[in-house]
S.K.: 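Before I ask anything, here is the structure I am working with.
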Amino acid sequence: LKGRRVWLEEVTRVRRAFDFIDAHYYTPRLIEQGALDEWKKALPGKEFLSTETGIPDAGFVWKGVTPEVGGTTKKQAQDLVKYATALFHAGYSKLFFYLYDFDDVPGTDDPWEHMGLITRENQKKPSFDAYKTMIRKVDYFTGIEKLGDGQYMYTFPDKGSVYVLWSGPAGGTVPSDLKGAVRITDHLGNELVMPVSRIVLTESPIFAEAATGKR
């Protein structure tokens with residue numbers, strides 16, 4: 001904690017010399033609510049971005065911590081949407097996930113390769129498609145609001161809201177302002193239209209929006 005305070009003081013002292021903060025985020029859990037509040041208060045108006053963002057595709061213990069997100073290639077893809085949404089809500093404006101990155105150290109299981117969206121053999125993982133879907137559905141958002149656990153609403157200047165929804169340990173519900181026919185897109189980009197009454201939330205996140213209007 002002392003080291004963090006010293007770092008914050010030093011960055012605050014030279015805040016006029018930079019426009020944004022590249023705070024790399026690749027921890028093995030969703031960001032905690034309010035995690036950036038101290039930084040945002042000290043550095044008002046600065047943009048936060050992460051050029052090193054990643055979720056492991058294997059369930060290894062990393063730096064003494066067992067990951068709470070990822071663990072398989074399927075979970076890596078599902079949790080990418082949750083991970084990015086939580087980061088945007090915390091205050092990040094831009095995220096760049098590892099495409100791939102590895103250190104060729106014989107006899108080791110390189111954690112950085114596990115963070116990538118493609119393998120060292122250049123094969124796309126499901127998380128590659130999840131990243132593409134995330135970009136297609138919520139890129140250029142201008143606002144994000146947390147409505148409840150597993151309930152987030154992205155807003156845009158030129159189209160209707162897009163909701164990202166999933167079910168947690170206590171279950172999940174659909175926001176009451178979603179009505180009628182709804183376009184559902186899963187994390188891999190598959191779409192269908194259904195009445196909102198038929199939506200059943202699971203741990204796999206979905207994008208939900210009105211079935212009419214600009215997509």
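When reading the values below, keep in mind they use all heavy atoms of this one structure, side chains included, and skip hydrogens, waters and symmetry mates. Along the sequence shown, residues carry numbers from 1.
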S.K.: Should L49 and Y25 be regarded as members of a common hydrophobic cluster, given that ILVMFWY residues are connected when their side-chain heavy atoms come within less than 4.5 Å of each other, either directly or indirectly?
M.R.: no

S.K.: Please determine, by modelled atom types, if Y154 and T85 share a side-chain donor-acceptor pair under 3.5 angstrom.
M.R.: yes

S.K.: Counting N and O atoms only, with roles assigned by atom type, does the side chain of D79 sit under 3.5 Å from a partner on the main chain of I55, one being a donor and the other an acceptor?
M.R.: no

S.K.: Salt-bridged, R13 to E10, with N to O below 4.0 Å?
M.R.: yes

S.K.: Hey, are T133 and H187 close enough side-chain-wise for a donor-acceptor pair under 3.5 Å?
M.R.: no

S.K.: Under 3.5 Å, is there a donor-acceptor pair linking the side chains of E47 and S93?
M.R.: yes

S.K.: Would you say the side-chain atoms of H24 and T53 include a donor-acceptor pair closer than 3.5 Å?
M.R.: no

S.K.: Does the Lys NZ or Arg CZ of K125 fall within the cation-pi geometry relative to F128 - under 6.0 Å from the ring centre and within 45° of the axis?
M.R.: no

S.K.: Assess, by modelled atom type and distance only, whether the side chains of T51 and D22 contain a donor and an acceptor separated by less than 3.5 Å.
M.R.: yes

S.K.: I want to check something: taking the side chain as every heavy atom from C-beta on, are K146 and Q151 in contact at a cut-off of under 4.5 Å?
M.R.: no

S.K.: Between R136 and E191, is there a salt bridge with N-O shorter than 4.0 Å?
M.R.: yes

S.K.: For S176, what residues pass the side chain to side chain contact (heavy atoms under 4.5 Å, CB included) criterion, not counting sequence neighbours?
M.R.: none

